[in-house]
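Heavy-atom basis, side chains included; hydrogens, waters and symmetry copies ignored. If you're wondering where the values come from, they're calculated on a predicted model, not measured in any experiment.
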Amino acid sequence: MVGAGTGHLSFARGPFQAQVPDWVPMDKDTVVLLSGVVEIGLGLTLLFNKRHRALVGLGLAAFFVAVFPGNLHQYDKHLSAFGLDTDTKRLVRLFFQPVLMGWALWSTGAWKARR
């Protein structure tokens with residue numbers, strides 16, 4: 001998460017902008033920068049705050065839900081970024097997003113804590 005967030009703030013800003021839906025009422029670069037800050041914050045909190053790990057896992061899963069419309073936008077508009085240069089690759093990524101959500105819940109113990 002820290003690495004991906006760093007990409008939002010530096011070398012991968014352009015590709016991340018391809019994922020910001022046109023209906024978002026903010027400048028695409030601003031959205032990329034803000035989401036990068038959130039990713040870095042979530043990643044650092046996971047690394048250094050073991051006490052609230054399950055809560056951060058819920059936040060991370062929510063973050064993956066929040067960015068899912070960007071993945072739909074990239075697929076719908078046929079935008080190439082991050083090696084997703086075919087509709088098939090972009091479609092497969094859509095099915096991978098729920099896996100990331102589940103991983104965030106499972107790996108942080110949020111799934112168990114929820115029960």
Side-chain angles (χ1 to χ4, degrees):
M1 293 306 298
V2 174
T6 301
H8 281 247
L9 304 180
S10 57
F11 61 90
R13 279 169 68 177
F16 278 116
Q17 288 174 16
Q19 296 178 322
V20 179
D22 297 330
W23 51 262
V24 173
M26 292 177 68
D27 174 67
K28 289 183 184 236
D29 194 48
T30 301
V31 172
V32 170
L33 293 171
L34 291 173
S35 62
V37 169
V38 170
E39 269 188 299
I40 291 170
L42 287 167
L44 290 175
T45 304
L46 280 174
L47 288 171
F48 298 113
N49 188 344
K50 305 296 183 196
R51 185 172 174 212
H52 296 104
R53 194 167 178 84
L55 184 60
V56 177
L58 289 172
L60 184 55
F63 178 81
F64 289 139
V65 170
V67 300
F68 188 68
N71 297 338
L72 290 170
H73 172 75
Q74 187 177 4
Y75 175 74
D76 182 54
K77 300 296 182 184
H78 313 283
L79 301 171
S80 295
F82 301 111
L84 302 174
D85 54 3
T86 68
D87 284 341
T88 300
K89 290 178 184 178
R90 290 184 282 267
L91 181 63
V92 168
R93 178 161 189 223
L94 295 178
F95 291 98
F96 186 66
Q97 197 74 8
V99 173
L100 286 175
M101 295 170 205
W103 168 80
L105 296 172
W106 172 78
S107 68
T108 61
W111 194 264
K112 277 186 185 177
R114 178 174 96 35
R115 292 178 188 213

Applying the 4.5 Å side-chain criterion to the ILVMFWY set and letting contacts propagate, would Val56 and Val38 be lumped into a single cluster? yes

Applying salt bridge (charged side-chain N to carboxylate O under 4.0 Å, His left out) to Arg13 and not counting sequence neighbours gives Asp29

Among pairs that include at least one residue of residues 66-75, which meet salt bridge (Lys or Arg N to Asp or Glu O under 4.0 Å), considering only residues two or more places apart or in two chains? none

Which atom pairs, donor and acceptor, lie under 3.5 Å between side-chain atoms of residues 97-105 and protein residues at least two apart or in another chain?
{"from": "Gln97", "atom 1": "OE1", "to": "Asn71", "atom 2": "ND2", "distance (Å)": "2.9"}
{"from": "Gln97", "atom 1": "NE2", "to": "Phe64", "atom 2": "O", "distance (Å)": "3.0"}

Please report the closest heavy-atom contact between Ala54 and Ala110, naming both atoms and the distance. O-CB, 3.3 Å

Restricting to side-chain hydrogen bond (donor to acceptor under 3.5 Å, both in side chains), what partner residues turn up for Asp87, sequence neighbours left out? His78, Arg90

Following the transitive rule for hydrophobic clusters with a side-chain heavy-atom cut-off under 4.5 Å over Ile, Leu, Val, Met, Phe, Trp and Tyr, establish whether Leu44 and Met1 coincide in one cluster. no

Does the pair Thr45 and His52 meet the rule for a side chain to side chain contact (heavy atoms under 4.5 Å, CB included), with working shown? CA-CA 8 Å; Thr45 304; His52 296 104; 5.8 Å; no

Hydrophobic clustering (ILVMFWY, side-chain heavy atoms < 4.5 Å, transitive) - are Ile40 and Leu55 grouped together? no

Using a side-chain heavy atom cutoff under 4.5 Å and only I, L, V, M, F, W and Y, what cluster partners does Val24 have? Phe16, Val20, Trp23, Met26, Val31, Val32, Leu34, Phe82

Do Leu79 and Gln19 make a side-chain contact, defined as non-hydrogen atoms from C-beta onward lying under 4.5 Å apart? no

Can you name the residues that form a salt bridge (charged side-chain N to carboxylate O under 4.0 Å, His left out) with Lys89, not counting sequence neighbours? Asp85

Hydrophobic cluster identity match, Phe96 and Val65, side-chain contacts under 4.5 Å: yes

Of all the heavy-atom pairs spanning Gln17 and Lys28, show the shortest one and how long it is. O-CD, 3.7 Å

Identify, with sequence neighbours excluded, every residue that meets side-chain hydrogen bond (donor to acceptor under 3.5 Å, both in side chains) alongside Thr108. none

Under the side-chain hydrogen bond (donor to acceptor under 3.5 Å, both in side chains) test, residues paired with Thr86 that sit two or more places apart: none

Between Val2 and Leu33, is there a shared hydrophobic cluster once you connect ILVMFWY residues whose side-chain heavy atoms come closer than 4.5 Å? yes

Would you list the pairs meeting salt bridge (Lys or Arg N to Asp or Glu O under 4.0 Å) in which at least one residue belongs to residues 34-59, sequence neighbours left out? none

Hits for side chain to side chain contact (heavy atoms under 4.5 Å, CB included) against Ala62, two or more places apart or cross-chain, chain-then-number order -> none

In the hydrophobic cluster built from side-chain contacts under 4.5 Å, what are the other members alongside Phe95? Phe68, Leu72, Tyr75, Leu91, Leu94

Which heavy atom of Pro69 sits nearest to which heavy atom of Pro21, and what is that distance? O-CG, 3.8 Å

